[in-house]
Undergrad: 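Have a look at this one.
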Amino acid sequence: MLQFLFYIGFVLQTSAFIAPPDEYACPFPTSKPELDSLRPLAKIYQDESELFRGLVGRRTFVDKTAFIKHFLDIREQLVLVAPPNFGKSTNLHMLKHFFQIPVDSRGANLTSVMAEKAAFFGNLSICKNHPSICLSHLSSAPVVFLDLESVNGSTPTEFHETFRSEVERMFRAHGYLSKSESLSAFNKEEFAAYESHSQRPHRTIGFYKCGVDVLTRLLFTHHRRKCILLVDNFDRLAVAAMLGKDEENLLPVEVDDIYFSLGKTAKHSEFVSRTLLTGVFRMGSHRQWHDANLFYHSIFADPQISQHYGLTLAEVETLIGRLGRSKEHSNVDLHGIKHYFDGYRISDKQIKIFNTGTVVGYLEGADEDDLIPSLPLFSIYKPLFRFELLGEHLQEAGEHGTNLAPQWVISITDLFQLREAVNANVTNFNGTHDKDLLVQLLQEAGYFTITARHPNGSVHLEIPCLAVKEAYEDLVYHDEFFVIEEEKLERELEADATKNNTHGHKGKKKGL
């Protein structure tokens, strides 16, 4: 019955153009689109996010669709950071699938696909618990989805090409705009310029950095609704630039320009209603002041957000039960997960969440080495983690905790200054700012979890699990360290022996 009501609601919404109760939303065009039944073989644009649909049918799927309500309730343009495999990409694809308006090759709304989506989400918690949200917001907005994971910084040329390819892919996902009756000839020329570089292969990165802003404007012109902007792996640009060979030092400026342009569109565009960017590190432009910036937030800082990411202990137990383990086997699994993957603390609460990818991998029998986070960025900084430099500080953090006042935003300039510290003279590395930044990078990457917060903003940290501890020790300890420690121990033993012999000799004289 509920699914039927959703279907009726979507048909009415499409045919009568009932706008959802959202102050950010704009009405549909007054001209009625052609019925999708007239073009049964037309290509459907804005794909149906098969990544999310495929996950729903698995035994390891945990329903986090309640995040859709949280996304609608908040008013900030969010940047959420968390270590890999906490469900950031999954939630972005879920939002994309939920909100985007399915259209055919000419941009006409497809009511039949809307009905299919209503039936699909009707079985999930968001529609079961909040039917009014589904009735009002499902298939209600154009979605711009940009995934920067494939951007590669081996050389500046490759960085430009891979970034350009992602922007072009983003435009091609909305290929119907080239035939839209709502767009002018000039608008269509704009679209064509970003959809393919074949006619102008030498466009600079300065052109493509404006692509998101242009696309949101064109989509608004067609749909007469503000866009939802979703960006995955947004920090990948900085990591790619750090890993690349850039003798002329061009990439820091270009990456900063992209972050600045993306931040302006996300925060201030009149064509964007809501924004969510996700990544591991809170990267941004150094030119953006805090009050004009996006709202950067760790998923571990707020229980209201953390409940939509990772797995609680109860959800871990549910997963184990769903896999059909025996009671004895289930107890072994639960003990192993709690022992090896202790979980990440939420704020200063006695709440923990577990890494979804790690837990699922463990239950599916993955190799333990595959469960340790891989962070290529640290290959550059590894010399700084040596025990005699930052390592001793990290050891103290792991054993007793350490104070850390995280930067609100990490700029590409900060990262390159760290790289210069590595290249200059690591033996003299003792900058407090650089140490704090390195510890922050480790914490955001999942090597530490916050155990306590203080009024001044500082935190105490601890290593969350054995799997991460192995990766941490690989950063801190090295072959030379063990040689130095052995020599140091030998000197201490020799000093103690000399001291004892001296005391013994003096004692004999005094006794005589």
Side-chain angles (χ1 to χ4, degrees), residues 45-52 54-55 79-97 100 143-175 193-198 201-215 229-246 250-252 254-259 261-263 265-266 275-284 357 370 373-380 412 415 444-445:
Y45 280 88
Q46 295 181 301
D47 66 41
E48 296 306 309
S49 295
E50 292 301 324
L51 174 64
F52 177 69
L55 291 175
V79 180
L80 290 183
V81 294
N85 298 318
F86 269 89
K88 302 185 298 296
S89 296
T90 300
N91 276 358
L92 281 180
H93 282 275
M94 174 184 70
L95 292 175
K96 175 187 176 186
H97 186 30
Q100 73 177 2
V143 177
V144 173
F145 191 99
L146 179 63
D147 187 353
L148 298 171
E149 182 179 16
S150 65
V151 175
N152 190 326
S154 297
T155 63
T157 298
E158 188 165 5
F159 182 92
H160 297 163
E161 290 176 352
T162 52
F163 177 70
R164 184 206 69 222
S165 294
E166 283 306 310
V167 173
E168 291 178 351
R169 182 208 57 78
M170 177 183 69
F171 271 78
R172 285 195 296 271
H174 303 274
Y194 283 95
E195 188 182 26
S196 174
H197 69 285
S198 58
H202 302 297
R203 289 191 187 276
T204 66
I205 203 165
F207 175 80
Y208 286 98
K209 74 178 182 182
C210 301
V212 172
D213 194 55
V214 172
L215 183 58
L229 174 59
L230 306 175
V231 182
D232 201 9
N233 298 295
F234 77 96
D235 55 338
R236 175 63 188 172
L237 297 174
V239 175
M242 286 296 299
L243 296 174
K245 296 179 180 179
D246 181 20
L250 298 174
L251 291 182
E254 293 180 341
V255 171
D256 189 84
D257 283 345
I258 295 172
Y259 280 137
S261 178
L262 185 59
T265 300
T275 299
L276 178 61
L277 294 80
T278 62
V280 174
F281 308 112
R282 52 181 76 204
M283 295 303 305
D370 295 334
S374 174
L375 296 166
L377 179 64
F378 294 132
S379 64
I380 292 176
I412 186 68
L415 295 187
E444 292 186 353

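This one's a predicted model, so the numbers in the text were calculated from it and none came from an experiment.
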Undergrad: Backbone N or O of A82 within a donor-acceptor pair of the K88 side chain at under 3.5 Å?
TA: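 Present.
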Undergrad: Take V79 and F234 through the side-chain contact (heavy atoms from CB on, under 4.5 Å) test and state the conclusion after the steps.
TA: CA-CA 9 Å; V79 180; F234 77 96; 3.2 Å; yes
Undergrad: What are the two closest heavy atoms between V143 and L230, and how far apart are they?
TA: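 In this case the closest contact between V143 and L230 is CG1-CD1, 3.8 Å.
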Undergrad: Would you name the heavy atoms of Y259 and A238 that are closest together and state the gap between them?
TA: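 Taking every non-hydrogen atom into account, OH-N, 3.3 Å.
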Undergrad: Please give me the minimum heavy-atom distance between T278 and L92, naming the atom from each residue.
TA: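 Looks like OG1-CD1, 3.2 Å.
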Undergrad: To the nearest 0.5 angstrom, please state how far the CE atom of M283 sits from the CG atom of D256.
TA: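 Interatomic distance, M283 CE to D256 CG, rounded to 0.5 Å: 9.0 Å.
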Undergrad: Got a second to check how far L415's CG is from L377's CG, nearest 0.5 Å?
TA: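 The distance works out to 6.0 Å.
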Undergrad: Should E254 and H160 be marked as a side-chain contact (heavy atoms from CB on, under 4.5 Å) after you check the CA-CA gap, both sets of side-chain angles, and the distance that decides it?
TA: CA-CA 10 Å; E254 293 180 341; H160 297 163; 2.7 Å; yes
Undergrad: When rounded to the nearest 0.5 angstrom, what is the spacing between CZ in F163 and CD in E158?
TA: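 With rounding to 0.5 Å, CZ (F163) is 15.0 Å from CD (E158).
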Undergrad: Can a donor-acceptor pair be found, under 3.5 Å and without considering hydrogens, that links the side chain of D235 to the backbone of F281?
TA: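 Yes, because the side chain of D235 sits within donor-acceptor range (under 3.5 Å) of the backbone of F281.
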Undergrad: Please answer whether the main-chain N or O of F207 pairs with a side-chain N or O of Y194 as donor and acceptor at a distance below 3.5 Å.
TA: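 Here the side-chain-to-backbone pair exists.
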Undergrad: Distance from L243 atom CG to N152 atom CG, nearest 0.5 Å?
TA: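 Here the interatomic distance stands at 8.5 Å.
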Undergrad: How many angstroms lie between atom CZ of F145 and atom NE2 of H97, to the nearest 0.5 angstrom?
TA: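 Separation between the atoms: 13.0 Å.
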Undergrad: Provide the closest heavy-atom pair for D147 versus R169 in the form atom of the first, atom of the second, distance.
TA: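 Answer, listing the atom of D147 first, then R169: N-NH2, 3.8 Å.
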Undergrad: Give me the atom names and distance for the closest heavy-atom approach of K209 to S261.
TA: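 Minimum heavy-atom separation between K209 and S261: O-OG, 3.1 Å.
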Undergrad: Using every non-hydrogen atom in the two residues, find where R164 and Y208 come nearest and quote the distance to one decimal.
TA: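 Closest pair (atom of R164, atom of Y208, distance): CG-CZ, 3.1 Å.
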Undergrad: Measure the spacing between CD1 of I258 and SG of C210 and express it to the nearest 0.5 Å.
TA: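 Reported value, rounded in 0.5 Å steps: 10.0 Å.
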Undergrad: Examine distances only and state if a side-chain atom of E166 and a backbone atom of V151 form a donor-acceptor pair shorter than 3.5 Å.
TA: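 Looks like no, no N/O pair under 3.5 Å.
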Undergrad: Does any N or O in the side chain of T275 come within less than 3.5 Å of the main-chain N or O of A266, such that one atom is a donor and the other an acceptor?
TA: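 Yes, T275 side chain to A266 backbone: donor-acceptor pair under 3.5 Å.
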